[in-house]
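Here's the structure, in structure tokens; my notes come after.
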Amino acid sequence: MGCAGILSVRFSAFSGGVFGEMGGDFYNPVMHTSPFDPSAFPTATEGGEHQSNLSDSPLLANLNVEQLAAVTLPAEHALVLAGAGSGKTRVLTTRIAWLLQTGQISSSGVLAVTFTNKAAREMVARLSAMLSLRVQGMWIGTFHGLCNRFLRAHHTLAHLPAGFQVLDVQDQLSAIKRLCKQFGVDTERYAPKVLQGFISANKEDGLRPEAVPAKDLDTRKKLEVYRLYEEQCQREGVVDFGELILRSYELLRDHASVREHYRRRFAHVLIDEFQDTNRLQYEWIKMLVGAPGGESSGGCILAVGDDDQSIYAFRGARVGNMFDFVREFGVQHHIKLEENYRSGSHILDCANALIGHNRERLGKNLRTSQGTGEMVRVFEATPNGQHSGDFIEAAWIVEEIRHLADGGWPLREIAVLYRSNAQSRVIESALVQVGISYRVYGGLRFFDRAEIKNALAYLRLIENPHDDTSFLRVVNFPPRGIGLRTLEQLQDVAQSRGCALSDAASALDGRPGRIVQTFVDSLHEMRSTVQGLRLGQVVERVLDRSGVLEHYRNDREGADRVANLEELVHAAEGFAAAEGLDPIVHTDLSSEEPSVLALFLTQAALEAGDNTAQSAQEGVQLMTVHSSKGLEFDAVFLTGLEEGLFPHDNALSDRAGLEEERRLMYVAITRARSRLVLSHAQTRMLHGQTRYNLRSRFLDELPEHAVRWITARKAASPSAPMASSRQPVAPTAQRPAQDEAGLRVGQKVFHNHFGEGEVLRLDPQAGHAQVSFTRHGVKWLALAIAKLTPVD
DNA sequence: AGCTTCAGACTGAAA
DNA sequence: GTCTGAAGCT
């Protein structure tokens, strides 16, 4: 599967980031030896207004005025508004390097937090390149990675076992399902997914069950599940993602000495992508630093973010944290990074004009000294007799890509972006048609694959026999004839005795009981046979003894899975060295030190791998706009710019939703270096039916001077006949009157192509009508395009 | 007990 | 149109 590269990079590049120097790194405020690299020592900065004064400092060379100001800020709280492509990461890393080199702090006095492992890795890599000191042991990582590290160090105070494990979303859901079954929760009324959302959302708001207002019966029921879930996790020694942060927060809150220690220690706290932080993450930061006026104020915060790129409100991100931060910390230093080093001014003009339609902004305008660059083009795909608009759109884009490729543009520098994953399919098949290779982002990640999760479940059971989630996952995998019946009995016994499933096995009798007992025995056997082996060997042996590997070998479609399992062995083999750990596994269940196996399993949960479906081959990159954030490409094709799709129907109910959609569009536009092509289709196959869509309102918000409206001039592919040569659409073409044609629900209508039908629903805001046609089924139509005649 | 079929969903997604 | 998850069949 070619995951070798991905894995080895992942496990080595972040070495020490999470686990390095565990223990010794904590209650040990003693500084590292001097971090100075004499050759890079800067001269006095004199307030640092002009870079010319600093030409002899390689670190600060080539920074623009704003970047320099941000890097050399005094040790006070500050907010940096960093526009897209403005050198944000460079500022963050140079700031850290500058603080270290000027001797203002030691490397143990810095805490830098990001959202993704990728961002953390990049920061570590850039710092290593700038500094001669060991970046490994520094507190640079994700919110969850750092909190994990923190809880490991203080696991006793946190009431957790040394080798506590981290539940990912899948594990969490199955834990909740199991709990529902056990306590007879009506899962028709309270879907496990909903309960999971409820629990996570509350944790991310920093709320334990007792703190959530039980306003109605429904909420009370959910709270009961929340409580039971917490008990279950505690009993099994596992934590979910939210718990990592919530418990770290509470630990700091409840233990003054620990709090004081870290507040004294971290003189500088740097936060990346601040607009994406949720309430709990912000509270954690505040607890770590101490709000002004509190009993002890700690270090200073440098928050870097861009309110215009806030696109994760749906998962709890609060742009409001930016405003709160300024208010609560009395932030005096506001720096805007507005110079963009990525795109020409036509592209930036589009971005600025578009985002100017948003009301709730801190305010910021991207500029460039690069010149205008290419015009931004807009393509409208018109359906023909054989193909719907999305097909024509895809074919046209692929043709354009082929031209680019012929012209020497590297394929990996070309991206096709879309609003929702469902759109990738048409584009993929168009690419396959002409034989252009591509990569799709958004598939399963390595550690989320079923075979890997099965293998990890065995390893977890070796580490912790009380992990019932893992027990249930593999008690009948590979199949050994244990059915639901048996498991229910087992769970009953475990519940009445208050013990783990694996300890309840002996109470069962009959054939099923013997099978379960054999399974439990084999786990014991594996646990003892594995002692003293290297981690890689441990994984290998468990894959063998558990029968997992054999099971996939016998599966005629299991070749990929076998390869992935081999990859897992390889990853385990390299893990210890990369983390600077002893590779020998000792799973002493009462140990105060987590075993290397426990750390490996945690790593797997906290860093599940790139979510790219294909291997890292050269190819056009396909992804959603969301996952394109932070990336850049020479050429960007942004597809499906249609009302209902982008902005998406589900986001249109309120102003905030629309503004987030617009920010999403802003993110997409600012990905392009030199070429940006926007496209929309008049008709699109969606959910197995044809939809008629108006072009996106966002297209009408772009400035005329920077945009060229085009239509197809030639056949997009041999099989696709001429797209009709319509006149370029005027950018200001009128939107349909809301009540056009006087339609109402239940109205009988006639359509030239589909014949007779009845209006099922109306969406006046979007100008859409859903019509059930007698002969062609249910379709959504855009009233401006479809000609509907009312019939009586 | 395990496989197959059928209904229903379906914006976005890090750790 | 395609994937997931639960009920039905062998």
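Side chains included, hydrogens not; waters and symmetry mates left out as well; all remaining heavy atoms used.
- Checked against B:dG2, B:dG12, B:dA14, the side chain of A:P479 finds its nearest nucleotide in B:dG2.
- If you check B:dA15, B:dG2, B:dA13 against the side chain of A:T142, the one that comes closest is B:dA15.
- Annotation for A:K453: atom NZ counts as buried by contact number, over 12 foreign heavy atoms lying within 6.0 Å.
- The nucleotide whose nearest atom lies closest to any side-chain atom of A:R425 is, among B:dA15, C:dT2, B:dG12, C:dT2.
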Any chance you could lay out the ring-ring contact (aromatic ring centres under 6.0 Å, His included) test for A:Y226 and A:Y190, step after step, and finish with the verdict? CA-CA 12 Å; A:Y226 186 1; A:Y190 303 98; over 10 Å; no
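- When both distances must be under 3.5 Å, the Watson-Crick or G-U wobble mate of B:dA14 does not exist.
- Taking side-chain N and O atoms only, A:N476 has a distance below 4.0 Å to OP1 or OP2 of B:dG2.
- Within 4.0 Å of A:I245, counting heavy atoms only, lies no atom of the nucleic acid at all.
- The nucleotide whose nearest atom lies closest to any side-chain atom of A:F314 is, among B:dG2, B:dA13, B:dA14, B:dA13.
- Across B:dA15, C:dG1, B:dA13, the shortest atom-to-atom separation from the side chain of A:N421 is found for B:dA13.
- In this model, a donor atom of one side chain and an acceptor atom of the other lie less than 3.5 Å apart for A:R152 and A:T602.
- Listed nucleotides: B:dA15, B:dG12, B:dT11. Nearest to the side chain of A:H648: B:dT11.
- Side chain of A:T624, nearest nucleotide from B:dA13, B:dA14, C:dG1: B:dA13.
- The aromatic ring centroids of A:H144 and A:F115 lie 6.0 Å or more from each other.
- Candidate nucleotides B:dA13, B:dT11, B:dA15 were compared by shortest atom distance to the side chain of A:E661, and B:dT11 ranks first.
- Across B:dG12 and C:dG5, the matching C1' atoms stand 22 Å from one another, rounded to whole Å.
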